[in-house]
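What follows is a single structure, written as structure tokens, with notes after it.
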Amino acid sequence: MFVSNNACLVPTTFWLMGIPGLESLHIWLSIPFSSMYLVAVVGNVTILAVVKVERSLHQPMYFFLCMLAIIDLVLSTSTMPKLLAIFWFGAHNIDLDACLAQMFFIHCFATVESGIFLAMAFDHYVAICDPLRHTLVLTRTVVGHLGLAALLRGVLYIGPLPLMIRLRLSLYRTQIIAHSYCEHMAVVTLACGDTTVNNLYGMGIGFLVLILDSLAITASYVMIFRAVMGLATPEARLKTLGTCSSHICAILVFYIPIAVSSLTHRFGHHVPPHIHILLANFYLLIPPLLNPVVYAVRTKQIRERLLHILKTMAQTK
């Protein structure tokens, strides 16, 4: 690290505070965080294993579910190991390049997950509104292309964020990041130079991803509900809506924590810093934790296959 003439720093490392204001409770906070991370990893790996083993689940919805599981593993693993290292070992230091890499993975795969939810909404729309053409439209190739498109969109949208920091912002007022991970705005606010471009680009990407994706998903479900209301009997309507319930729950689990965290960060100036940081961690941990639970409980095929595997394992013992 070097110090410039105007008292700004040229850091090679940053110092992650963890949960500011709750440093004395770090060891106790590690218990729920490590438990949730463990459950998230086991749950998502289980979903991947069940879909791989059960050939009857080799359908578009379950392929998208596997994509969600992989994304959730990346999201949670991008932050939780470092957070737990801070809690357990006081490992606050993080190299500049590692910080930017963590920033990229967090924001990129959150963007990819939003794209997968949009693709899943399209899958449900075709399955309900045009069921005879569902297998023709959503082939394995199309599903793969939709997943690849979501990944490429995430890379193209988020790639410039760490690059602009690396190329445009070299001087910082401090190397202490009042956060538990390298969130984009938490790093940019430390810079000495003009951060207008970084701020505008970050807000623009947030608008494109969260607002437009959520509007597109809402529009697809408006058309789905219109088609469902046209069904002859209440039983048929409930059965059809039941096929969408897991997806709707997963969407709410994903978007609500992000919206609450973003609104609190932007407008909650009187909210204590540790509340900001806890909310920011929850929006990266809650979806990976709850998505496997939602789909295992709400999806009959996964639930039955999982119970069959557990019974088989119990009998072998």
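Each residue takes its place number in the sequence, starting with 1. Just so it is clear, the structure is predicted and the values come from calculations on it, not from any experiment.
Between Phe64 and Phe117, the ring center distance fails the sub-6.0 Å criterion. Between Phe89 and His26, the distance from one ring center to the other does not fall under 6.0 angstrom.
In this structure, the side chains of Ile224 and Cys244 come closer than 4.5 Å at one or more pairs of heavy atoms. Ile106 is listed as a side-chain neighbour of Tyr181, based on a closest heavy-atom distance under 4.5 Å. Side-chain contact between Thr195 and Thr189: absent, with no pair of heavy atoms (C-beta onward) separated by less than 4.5 Å. Cys182 is listed as a side-chain neighbour of Leu16, based on a closest heavy-atom distance under 4.5 Å.
Other residues, nucleotides and ligands contribute only 12 or fewer heavy atoms inside 6.0 Å of the CZ atom of Arg133. Other residues, nucleotides and ligands contribute more than 12 heavy atoms inside 6.0 Å of the OH atom of Tyr221. The neighbour count for Tyr283 OH, taken as heavy atoms of other residues, nucleotides or ligands under 6.0 Å away, is above 12.
The two atoms that bring Asp194 and Arg168 nearest to each other are O-NH1, 3.5 Å, heavy atoms only. For Pro292 against Ile47, the heavy-atom pair with the smallest separation is CB-CG1, 3.9 Å. The minimum heavy-atom distance between Ala127 and Pro131, with the atom names listed, is O-CB, 3.3 Å. Here the closest non-hydrogen pair linking Asn44 and Ala69 is OD1-CA, 3.3 Å. Heavy atoms only, all atoms of each residue included: Phe104 and Ile158 are closest at O-CG2, 3.9 Å. Contact record, Ile277 with Ala178: CD1-O, 3.4 Å, taken as the closest heavy-atom pair.
For Gln175 (side chain) and Tyr172 (main-chain N/O), no donor-acceptor pair under 3.5 Å exists by modelled atom type. A donor-acceptor contact shorter than 3.5 Å is absent between the side chain of Arg153 and the backbone of Val112. In terms of modelled atom types and a separation under 3.5 Å, the side chain of Glu183 and the main chain of Ala186 share a donor-acceptor contact. Under a 3.5 Å cut-off, the side chain of Thr139 and the backbone N or O of Leu136 do not form any donor-acceptor pair. With hydrogens and angles ignored, the 3.5 Å screen pairs a side-chain donor or acceptor of Ser214 with a backbone N or O of Ile211. Counting only distance, with no hydrogens or angles, the side chain of Lys82 and the backbone of Thr77 share no donor-acceptor pair below 3.5 Å. Judged by distance alone, with hydrogens and angles left aside, the side-chain atoms of His184 form no donor-acceptor pair with the main-chain N or O of Gly202 at under 3.5 Å. In this structure, the side chain of Tyr37 does not engage the main chain of Leu84 through any donor-acceptor pair within 3.5 Å. Although no hydrogens or angles enter the test, the distance criterion places no donor-acceptor pair under 3.5 Å between the side chain of Asp72 and the main chain of Ala40. Between the side chain of Tyr62 and the main chain of Lys52, no donor-acceptor pair closer than 3.5 Å is present.
The structure places OG of Ser78 at 12.5 Å from CG of Leu83, a figure rounded to the nearest 0.5 Å. The structure places CD1 of Ile116 at 8.5 Å from CG of Leu151, a figure rounded to the nearest 0.5 Å. Rounded to the nearest 0.5 Å, atoms CG (Leu190) and CG (Leu169) are 10.0 Å apart. The CD1 atom of Ile176 lies 10.5 Å from the NE2 atom of His92; values are rounded to the nearest 0.5 Å.
Tyr157 and Val197 fall within the same hydrophobic cluster, where Ile, Leu, Val, Met, Phe, Trp and Tyr residues are linked whenever their side-chain heavy atoms come under 4.5 Å apart, directly or through other members. Note on Leu212 and Leu156: separate hydrophobic clusters, where clusters join Ile, Leu, Val, Met, Phe, Trp and Tyr whose side-chain heavy atoms are under 4.5 Å apart, directly or indirectly. In the hydrophobic cluster analysis, where Ile, Leu, Val, Met, Phe, Trp and Tyr join through side-chain heavy atoms closer than 4.5 angstrom, Met61 is grouped apart from Val294. When hydrophobic clusters are built by joining Ile, Leu, Val, Met, Phe, Trp and Tyr residues whose side-chain heavy atoms come closer than 4.5 Å, directly or via intermediates, Phe122 is grouped together with Val142. No continuous path of hydrophobic side-chain contacts links Met17 to Leu29 [ILVMFWY only; heavy atoms under 4.5 Å].
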Output, in order, the C-alpha distance, side-chain angles, deciding distance and verdict of side-chain contact (heavy atoms from CB on, under 4.5 Å) for Thr12 and Leu96. CA-CA 5 Å; Thr12 57; Leu96 174 60; 5.6 Å; no

Walk me through whether Met67 and Val143 qualify under side-chain contact (heavy atoms from CB on, under 4.5 Å). CA-CA 10 Å; Met67 294 179 194; Val143 171; 3.7 Å; yes

Using the rule given for side-chain contact (heavy atoms from CB on, under 4.5 Å), can you reason through Leu278 versus Asn281, listing the C-alpha separation, both sets of side-chain angles and the distance that settles it, and then say yes or no? CA-CA 5 Å; Leu278 287 172; Asn281 279 281; 5.7 Å; no

For Asp130 and Val137, run side-chain contact (heavy atoms from CB on, under 4.5 Å): C-alpha distance rounded to whole Å, both residues' side-chain angles, the deciding distance at 0.1 Å, then the answer. CA-CA 10 Å; Asp130 197 2; Val137 175; 5.6 Å; no

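Side-chain contact check for Thr13 and Asp95: no donor-acceptor pair (N or O, by modelled atom type) lies under 3.5 Å. A donor atom on one side chain and an acceptor atom on the other are found under 3.5 Å apart for Asp123 and His134. Using modelled atom types and a 3.5 Å distance limit, the side chains of Ser114 and Tyr255 yield a donor-acceptor pair.
Using the six-membered ring where Trp is involved, Phe63 and His58 have ring planes that are tilted, between 30° and 60° apart. Ring pair His247/His124 is parallel by interplanar angle, where below 30° counts as parallel and above 60° as perpendicular.
Asp97 has a carboxylate O that lies under 4.0 Å from a charged side-chain N of Arg166, or vice versa, which qualifies the two as a salt bridge.
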